Amino acid sequence: VEALWRGPMVHVLTDAVVPVFVQWSHDGRWLALGGTAGLAVVDRNTGNSIRLASVAEGPVGFSRDGTRLVTRPQGAASPLHLWSIPEGKLLETWPRAERQTELLRDRRLLMFAFSEKTADGRSTAIIRERSLDGGPERTFGRWETRGLAGWGLDLSDKWLISLQGG
């Protein structure tokens, strides 16, 4: 701990956005800051900040090359936003289901819209995909969660792993 305070300061965040949600780009150049005062992206190399929104919004993730950022305003059914980085231009706005969770993998956004849970803890999810390069949304199908305890994608982005309860 002592060595840390003696080292050089890397970067001081001076943006008006007080971060509640943060997300680094894959190459470490961009830092997305989301909070109740808005959304900003900070360039690690220059310290310059690009203000993207002035309402409560958080980052979902960056594309692997750092040129796209997907964000989600606060609120259950708020739309998703696709931004061009470093321009800070809003490219698209996509509708979002009330109980939806998103995963961003490279330039593919996977969206899981969950139904209400039944008394035995089961629910279903409609799985959709959207390319960050444009084109129509694709529906993969319906996932029967059967007492889902946890889930995620493996590091190769090829397998959806679910932990089933009971």
Side-chain angles (χ1 to χ4, degrees), residues 9-116 123-143 150-160:
M9 192 174 311
V10 177
H11 187 71
V12 175
L13 296 176
T14 58
D15 197 276
V17 173
V18 177
V20 176
F21 307 101
V22 296
Q23 179 80 43
W24 281 101
S25 62
H26 293 277
D27 63 2
R29 178 179 176 190
W30 301 104
L31 177 62
L33 307 172
T36 56
L39 177 73
V41 177
V42 178
D43 184 336
R44 180 199 64 197
N45 298 334
T46 65
N48 293 337
S49 178
I50 304 166
R51 187 67 175 252
L52 300 179
S54 57
V55 296
E57 191 157 351
V60 173
F62 285 91
S63 61
R64 186 148 320 272
D65 64 2
T67 62
R68 299 287 185 268
L69 173 66
V70 177
T71 63
R72 176 180 46 232
Q74 277 188 325
S78 298
L80 295 169
H81 295 143
L82 176 64
W83 302 90
S84 174
I85 304 297
E87 297 84 7
K89 179 182 175 188
L90 179 62
L91 298 175
E92 291 190 55
T93 298
W94 301 320
R96 187 171 179 266
E98 188 174 336
R99 285 176 296 283
Q100 179 172 301
T101 300
E102 300 85 16
L103 288 173
L104 182 60
R105 295 296 186 237
D106 194 19
R107 297 181 85 80
R108 293 180 4 235
L109 180 68
L110 295 177
M111 298 163 285
F112 299 80
F114 289 92
S115 66
E116 290 278 349
S123 66
T124 59
I126 303 298
I127 304 172
R128 297 170 295 144
E129 176 194 49
R130 187 173 286 275
S131 170
L132 301 191
D133 296 318
E137 181 178 284
R138 255 182 23 165
T139 300
F140 282 148
R142 193 166 104 163
W143 176 26
W151 63 283
L153 290 179
D154 75 327
L155 295 177
S156 70
D157 296 338
K158 294 180 182 172
W159 298 96
L160 176 66

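Not measured: the values here are computed from a predicted model.
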Considering only distance and modelled atom types, tabulate donor-acceptor pairs under 3.5 Å from the side chains of residues 86-93, sequence neighbours left out.
residue, atom, partner, partner atom, Å
E87, OE1, S84, OG, 2.5
E92, OE1, W94, NE1, 2.7

What distance do [X] atom [atom1] and [Y] atom [atom2] have between them, rounded to the nearest 0.5 Å?
X    : Y    : atom1 : atom2 : answer
L110 : R138 : CG    : CZ    : 9.5 Å
R130 : R108 : CZ    : CZ    : 14.5 Å
F62  : D27  : CZ    : CG    : 9.0 Å
F114 : T124 : CZ    : OG1   : 9.0 Å
L39  : L33  : CG    : CG    : 8.0 Å

Anything under 30° is parallel, anything over 60° is perpendicular, the rest tilted; go ahead and classify H81 against W83.
-> perpendicular

CA sep, side-chain torsions, deciding dist, call: L69, L52, side chain to side chain contact (heavy atoms under 4.5 Å, CB included) = CA-CA 10 Å; L69 173 66; L52 300 179; 3.8 Å; yes

With sequence neighbours excluded, what pairs up with R107 under the side-chain contact (heavy atoms from CB on, under 4.5 Å) test?
-> S63, D65, T67, R68, L132, D133

4.5 Å side-chain heavy-atom contact, R29 and N45 = yes

Got L109 and L80 here, is their nearest side-chain heavy-atom distance under 4.5 Å?
-> yes

Considering non-hydrogen atoms only, spot the tightest contact between P73 and P79 and give its length.
-> CD-O, 2.8 Å

Nearest non-hydrogen partners of S78 and Q74, listed with the distance = OG-O, 2.8 Å

Residues F112, L103; criterion side chain to side chain contact (heavy atoms under 4.5 Å, CB included); working and verdict = CA-CA 8 Å; F112 299 80; L103 288 173; 3.9 Å; yes

Residues that S131 engages under side-chain hydrogen bond (donor to acceptor under 3.5 Å, both in side chains), provided they are two or more places apart = none

Assess whether side chain to side chain contact (heavy atoms under 4.5 Å, CB included) is satisfied between V70 and E102, documenting all intermediate values.
-> CA-CA 10 Å; V70 177; E102 300 85 16; over 6 Å; no

Can you tell me if R128 uses its side chain to pair, donor with acceptor, with the backbone of E137 under 3.5 Å?
-> no

